[in-house]
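Note that the structure is predicted; figures quoted are calculated from it, not measured.
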Amino acid sequence: MHKTGRMTMPFWEKYVGAPMLRLHDRIYKGTHGRIGHTIPGGPSMLILHTTGAKTGIQRSSSLAYARDGDSYLVVASKGGAPQSPGWYHNLKADPNVEVNVGRRRFKASARGVTPDDADYARLWTLVNAMKNNENRYNGYQKRTSRPIPVVVLTPAS
């Protein structure tokens, strides 16, 4: 624990896990989803394409996902950091996004779900139960005082 009382990122996560995720992100994006949908021993990943809220520049992020019917669920955790990830701010400004699941790319609408939403507890349970990522988000929530949103990505019809 940090002297401020906030939980800090474990050594292995900071110096091994985070660099490995950055490498995976580069490969997944660089191959346009051809390589990287799954990582051995890791969760399935998608690429979320957003438009920068301030810049208007196209941004993309590789994120672990769970399913809820036809929708995809991602979590704006940023590893339990005190602020939300940039991609979350972007989709709040413009919820029209694109998603790669493997090589398949499609348009979707994004909706952030927070603890004051009646469906939050059910969605939080789904994302914490995702294969090879079990309860990771519960751990991240313990690191921060901000409520971590679940984002529902609904494919366009």
Side-chain angles (χ1 to χ4, degrees), residues 13 17-141 143-144 146-157:
E13 191 173 318
M20 292 290 288
L21 283 175
R22 283 192 294 274
L23 175 61
H24 168 263
D25 183 69
R26 290 180 66 193
I27 292 169
Y28 197 21
K29 289 177 193 174
T31 64
H32 304 286
R34 201 166 29 90
I35 300 170
H37 177 238
T38 57
I39 305 170
S44 296
M45 307 286 280
L46 59 73
I47 303 172
L48 175 64
H49 303 274
T50 61
T51 301
K54 293 179 184 174
T55 64
I57 295 172
Q58 294 297 304
R59 306 284 185 194
S60 59
S61 303
S62 299
L63 304 165
Y65 72 89
R67 295 295 303 266
D68 183 33
D70 291 337
S71 296
Y72 296 82
L73 306 175
V74 295
V75 182
S77 63
K78 197 173 181 182
Q83 69 282 352
S84 296
W87 61 261
Y88 183 68
H89 297 290
N90 293 343
L91 66 81
K92 282 176 54 180
D94 182 1
N96 299 305
V97 298
E98 290 190 6
V99 177
N100 271 85
V101 177
R103 287 186 279 181
R104 188 171 76 92
R105 187 167 174 156
F106 54 90
K107 293 181 184 300
S109 62
R111 177 177 63 91
V113 179
T114 55
D116 56 345
D117 186 296
D119 207 23
Y120 183 82
R122 183 183 72 79
L123 297 175
W124 187 255
T125 299
L126 287 174
V127 296
N128 272 287
M130 82 175 70
K131 184 179 176 188
N132 296 322
N133 210 35
E134 294 88 356
N135 292 313
R136 180 174 307 264
Y137 301 114
N138 284 333
Y140 292 164
Q141 185 60 79
R143 293 183 192 168
T144 185
R146 75 175 170 92
I148 296 177
V150 175
V151 176
V152 179
L153 302 169
T154 304
S157 303

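Side-chain N or O atoms of Q141 include one that pairs as donor or acceptor with a backbone N or O of I148 at under 3.5 Å. With hydrogens and angles disregarded, a donor-acceptor distance shorter than 3.5 Å links the side chain of N128 to the backbone of N138. Side-chain atoms of R59 never come within 3.5 Å of backbone atoms of A53 as a donor-acceptor pair (strictly under, hydrogens ignored).
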Start with the C-alpha distance between W124 and V113, add both sets of side-chain angles, then the distance that settles side-chain contact (heavy atoms from CB on, under 4.5 Å), and finish with yes or no. CA-CA 9 Å; W124 187 255; V113 179; over 6 Å; no
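To the nearest 0.5 Å, atoms OG1 (T31) and CZ (R103) are separated by 9.5 Å. Atom OG1 of T50 sits about 11.5 Å away from atom CG of N96, to the nearest 0.5 Å. Here CG of N90 is found 13.0 Å from NE2 of H49. Values are rounded to the nearest 0.5 Å. From L153, atom CG reaches atom NZ of K107 across 14.5 Å, with rounding to the nearest 0.5 Å. The distance from the CZ atom of R104 to the CG atom of L46 is 10.5 Å, given to the nearest 0.5 Å. With rounding to the nearest 0.5 Å, the separation of OG in S44 from OH in Y72 is 10.0 Å.
Considering every non-hydrogen atom in both I47 and S62, the closest pair reads CG1-OG, 4.2 Å. Scanning all heavy atoms of the two residues, the minimum distance from T144 to A81 falls at OG1-O, 3.4 Å. Closest approach of L126 to R67, counting heavy atoms only: CD1-O, 4.2 Å. The nearest pair of heavy atoms linking A108 to V99 is CB-CG2, 4.1 Å. Counting all heavy atoms, side chain and backbone alike, R143 lies closest to G79 at NH1-O, 2.8 Å. Counting all heavy atoms, side chain and backbone alike, A64 lies closest to M130 at CB-SD, 3.9 Å.
The only option from L73, V74, D68 that meets the side chain to side chain contact (heavy atoms under 4.5 Å, CB included) definition with V152 turns out to be L73.
Considering only heavy atoms from C-beta on, W87 comes within 4.5 Å of L63 through its side chain. Put simply, the side chain of V101 reaches to within 4.5 Å of the side chain of F106, judged on heavy atoms. Annotation: side chain of R111 is not in contact with side chain of P95 (no heavy-atom distance under 4.5 Å).
Within a 6.0 Å radius of CG in D116, more than 12 heavy atoms belonging to other residues, nucleotides or ligands are found.
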